[in-house]
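In what follows, a single structure is set out as structure tokens and then discussed.
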Amino acid sequence: MLLPPIAVLFATRALADTVTLPVAVSPPASASTPVPGDFQSFSIEFAFFPDFAGNYSHPNHLTNTLLANLRNFTGAEQIIRIGGNTQDHVVYIASQKQGIMNTWDYTYNLDQPKNSTIGPAFWESLNVLQDTKYIFGLNFYKNDSDFLANLQYEVNQTLLRLPSDRLHLFELGNENDYGANSGFRPRNWTQFDYVDEWIFRTRHVQTPQRSLRFFAPSFCCFNITAPTFFSPWTVWNESYRYDRDGWIEEVSQHGYISSTSRNPTLQADSLRNIDEPYLCRPSRPATRRAEHLPPAARTTVHNRRDEQRLGTGLARGIRRVWLCVVAGRLLSVHRVAGATPYHRGSVILTWYTDCLEHHENPPPPRHATDTASWLPIPVNGTGPLVKPPYYGNIFVAKFLGWSGPQISNIDLGSDYYSAYAAYEGGKLARLAILNLHQYDPGMNGTQRPQTSFVLPNLPDFTAAKVEVLTAPGASSNSSITVAGLSYDYQLGQGRGVQVAATGTTIESRNGSFTVDVAASEAVIVSFLQ
Ligand SMILES: *[C@@H]1O[C@H](CO)[C@@H](O)[C@H](O)[C@H]1NC(C)=O
Ligand SMILES: *[C@@H]1O[C@H](CO)[C@@H](O)[C@H](O)[C@H]1NC(C)=O
Ligand SMILES: *[C@@H]1O[C@H](CO)[C@@H](O)[C@H](O)[C@H]1NC(C)=O
Ligand SMILES: *[C@@H]1O[C@H](CO)[C@@H](O)[C@H](O)[C@H]1NC(C)=O
Ligand SMILES: *[C@@H]1O[C@H](CO)[C@@H](O)[C@H](O)[C@H]1NC(C)=O
Ligand SMILES: *[C@@H]1O[C@H](CO)[C@@H](O)[C@H](O)[C@H]1NC(C)=O
Ligand SMILES: *[C@@H]1O[C@H](CO)[C@@H](O)[C@H](O)[C@H]1NC(C)=O
Ligand SMILES: *[C@@H]1O[C@H](CO)[C@@H](O)[C@H](O)[C@H]1NC(C)=O
Ligand SMILES: *[C@@H]1O[C@H](CO)[C@@H](O)[C@H](O)[C@H]1NC(C)=O
Ligand SMILES: *[C@@H]1O[C@H](CO)[C@@H](O)[C@H](O)[C@H]1NC(C)=O
Ligand SMILES: *[C@@H]1O[C@H](CO)[C@@H](O)[C@H](O)[C@H]1NC(C)=O
Ligand SMILES: *[C@@H]1O[C@H](CO)[C@@H](O)[C@H](O)[C@H]1NC(C)=O
């Protein structure tokens with residue numbers, strides 16, 4: 001139940017800071033191109049996809065509800081990528097009755113099964129989710145005598161069992177630039193060998209009936225040098241001719257946020273720097289091919305557990321907003337879900353934590369579930385659970401809305417404050433303002449500092465609605481709300497339930513607005529005519 005800690009009842013707001021927030025009424029030249037409704041999409045680990053989606057006899061209502069909530073704000077179908085490490089260890093068995101059977105070996109991996117077998121019922125899980133499209137992850141590593149038949153089964157079953165308009169793309173292999181390092185290819189395996197294998201495999205699954213398109217290369221890293229050189233920059237060049245068949249529709253490159261030496265903490269300090277290497281570099285690819293990969297990604301480390309450092313609870317929800325919108329401010333970002341790829345010439349910035357990991361029964365002794373947006377099934381007595389990052393997803397969906405707005409970053413020159421403007425039809429529609437100062441009642445006492453943002457020179461508007469993403473504190477894992485709605489499983493099984501005021505209306509004074517945002521809160525300001 002939603003019982004806020006005692007401290008919250010007595011928390012008082014105290015003015016700590018006043019900041020002038022200059023907002024342009026029409027999109028500045030640096031504003032993004034329109035951000036499509038499927039911008040916020042999801043990546044789900046292959047082996048756990050049936051846990052998220054369910055099947056015909058056991059549909060997962062929570063996942064369906066949570067995705068529907070988000071679509072209600074954006075009007076767009078999400079693209080779900082079913083992939084990750086486990087996609088490269090999937091074997092199709094025509095006679096298998098169950099959709100999926102995962103084989104665990106804790107000496108091999110505590111978080112993921114060693115291999116998975118799927119039968120025709122696997123595709124029930126794709127069909128049982130409503131109003132989504134898929135990127136279906138195929139097995140690249142299998143290299144015994146059955147590998148081609150296995151791939152052909154994966155492809156032909158997908159074409160047979162999924163309505164064609166729900167198949168967005170195929171993805172052949174996940175992070176295979178790491179193939180030699182992870183022991184799935186010999187040490188002398190080169191980028192040339194990779195391209196060769198990829199071309200051979202895609203040509204042998206291509207069909208005359210429907211010309212298949214791919215999401216690739218989904219490399220884990222930037223410029224691996226050992227044991228051999230792999231690079232998202234060079235794989236496309238004339239030596240390799242990776243896209244020689246022209247079947248690569250979207251370029252996918254994974255990027256792990258905290259992979260710089262400056263790991264983010266709960267507060268914003270070092271976070272502001274993370275955008276610099278690859279998240280926020282404004283590059284606007286003019287054509288759809290990959291010559292335009294981000295020029296300066298210096299980062300190499302890629303442990304998704306690093307994301308734990310993004311804080312806990314509400315702070316993690318706010319991080320999700322920050323990262324999503326930061327991505328939106330990149331002129332070339334087209335979609336967010338799990339790496340740093342391209343979408344018809346645009347970078348798709350995704351990160352790998354949306355709803356990837358959880359453990360099966362019996363659960364292994366380690367937990368890596370904190371950064372997921374929700375836990376779809378009970379695991380070791382916990383769950384189903386809607387997790388703090390989901391509130392960030394809601395906030396972003398609300399901020400983006402239905403119309404495909406242009407997004408502009410308003411640089412406040414601060415590590416603690418972020419602001420973004422959304423423009424619809426060339427006119428200012430909304431603002432998102434984030435106060436990244438950490439506030440936790442247990443740590444900071446009952447005075448919750450707030451900052452007044454003064455928005456000058458907006459004579460076209462007389463009033464605005466203010467909706468808040470908040471919780472008792474930055475570390476809160478419960479009692480989180482957006483516009484007064486809780487999506488907690490215990491309350492409405494993932495449907496929004498009104499537990500606090502929807503928002504407030506503020507009026508302009510002499511053409512300027514003042515918006516108060518408390519520490520560890522974010523608000524959406526929607527301008528009314
Ligand atoms: C969709 O959002 C509207 C408000 O914008 C709300 O009235 C409606 O109940 C929502 N529907 C669902 C299914 O959440
Ligand atoms: C459907 O899901 C339930 C619950 O996870 C599982 O017990 C059952 O075996 C699944 N059915 C198929 C055909 O996979
Ligand atoms: C899956 O892994 C288990 C344990 O290593 C092994 O016995 C089994 O043969 C593997 N199955 C497939 C289909 O690779
Ligand atoms: C699917 O692929 C398998 C393996 O190549 C093949 O035996 C089977 O005939 C194919 N089925 C269809 C419907 O194309
Ligand atoms: C084939 O796959 C195995 C297991 O993943 C790996 O050890 C081996 O190096 C691979 N061989 C080749 C030639 O790719
Ligand atoms: C790579 O190593 C394998 C043994 O693992 C060997 O059979 C093969 O000839 C080597 N390839 C090259 C190009 O050196
Ligand atoms: C392609 O990149 C590789 C490095 O991976 C380089 O050695 C090669 O010269 C490049 N080829 C062309 C045609 O630029
Ligand atoms: C990766 O290597 C390519 C080719 O050597 C180079 O053009 C590119 O700048 C490098 N990128 C990084 C981030 O080092
Ligand atoms: C599972 O739950 C039991 C009882 O609460 C607990 O002792 C055990 O540590 C939990 N295991 C994991 C992996 O969390
Ligand atoms: C709350 O306490 C933490 C730890 O001392 C500190 O880093 C943070 O700045 C404090 N927050 C506020 C809003 O004072
Ligand atoms: C929220 O959960 C995280 C682990 O996910 C934990 O570290 C943190 O202490 C929890 N916050 C509170 C207030 O219990
Ligand atoms: C109203 O705004 C104008 C320009 O922004 C300023 O010159 C004037 O002093 C303001 N009036 C009041 C009463 O604040």
Side-chain angles (χ1 to χ4, degrees), residues 3-8 47-63 91-102 116-129 138-139 142 145-162 201 204-210 212 266 305 307-317 319 353 357-358 360-361 366-379 382-391 438-444 471-480 520:
L3 293 176
I6 294 298
V8 179
F48 305 138
F49 180 69
D51 290 339
F52 275 89
N55 56 30
Y56 289 156
S57 64
H58 296 74
N60 191 290
H61 298 297
L62 177 61
T63 296
V91 176
Y92 176 82
I93 297 181
S95 59
Q96 181 176 304
K97 294 283 169 272
Q98 274 134 306
I100 193 162
M101 292 174 73
N102 290 327
S116 310
T117 56
I118 58 174
F122 180 79
W123 284 267
E124 290 185 9
S125 300
L126 284 77
N127 283 301
V128 81
L129 282 188
L138 304 169
N139 183 339
K142 190 170 167 60
S145 56
D146 293 334
F147 80 93
L148 264 186
N150 190 54
L151 271 176
Q152 284 162 348
Y153 273 123
E154 290 188 297
V155 168
N156 70 28
Q157 290 297 308
T158 302
L159 298 178
L160 180 70
R161 299 186 189 281
L162 187 68
R201 282 161 166 71
H204 282 82
V205 296
Q206 189 55 277
T207 70
Q209 299 81 8
R210 174 171 177 174
L212 307 181
L266 194 59
R305 267 178 288 277
E307 252 212 29
Q308 303 292 358
R309 296 195 183 94
L310 290 178
T312 65
L314 173 69
R316 204 165 264 156
R319 285 288 168 272
T353 54
E357 292 169 288
H358 79 277
E360 296 210 326
N361 283 321
R366 201 149 48 119
H367 269 279
T369 62
D370 291 340
T371 56
S373 288
W374 65 95
L375 177 62
I377 56 168
V379 176
T382 300
L385 210 54
V386 178
K387 294 172 154 253
Y390 183 72
Y391 290 85
Q438 177 186 357
Y439 168 78
D440 272 305
M443 198 187 278
N444 301 94
S475 308
S476 304
N477 296 313
S478 58
S479 304
I480 305 175
S520 301

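Not measured: the values here are computed from a predicted model. Whatever order the structure lists ligands and atoms in, that order sets their numbers, starting from 1.
Looking at Q206, its side chain does come within 3.5 Å of a backbone N or O of L212 through a donor-acceptor pair. A donor-acceptor pair under 3.5 Å is formed between the side chain of N60 and the backbone N or O of T63.
With ligand atoms numbered from 1 in the order given, ligand 4 contributes 2 (O), 4 (C), 5 (O) to contacts under 4.0 Å with heavy atoms of Q152. Within ligand 4, counting atoms from 1 as listed, the ones closer than 4.0 Å to a heavy atom of N156 are 1 (C), 2 (O), 3 (C), 8 (C), 10 (C), 11 (N), 12 (C), 14 (O).
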Can you give each donor-acceptor pair under 3.5 Å made by side-chain atoms of residues 120-128, sequence neighbours left out, with the distance rounded to 0.1 Å?
unit_1 : atom_1 : unit_2 : atom_2 : d
W123   : NE1    : T158   : OG1    : 3.0
E124   : OE1    : Y56    : N      : 3.1
S125   : OG     : G54    : O      : 2.8
N127   : ND2    : W123   : O      : 3.2
N127   : ND2    : R161   : O      : 2.8

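Contacts of ligand 2 (protein heavy-atom distance under 4.0 Å) are N55, S57, H58, K97, Q98, G99, A121.
Among residues two or more places apart in sequence or in another chain, the ring-ring contact (aromatic ring centres under 6.0 Å, His included) test is passed with H204 by F200. Evaluation of the ring-ring contact (aromatic ring centres under 6.0 Å, His included) rule for F147 yields no partner, not counting sequence neighbours.
Taking 4.5 Å as the limit, some side-chain heavy atom of I100 sits within range of a side-chain heavy atom of N102.
Taking any N or O of N477, backbone or side chain, at least one lies under 3.5 Å from an N or O belonging to ligand 11.
When only modelled atom types and interatomic distance are considered, S520 and Q438 share no side-chain donor-acceptor pair under 3.5 Å.
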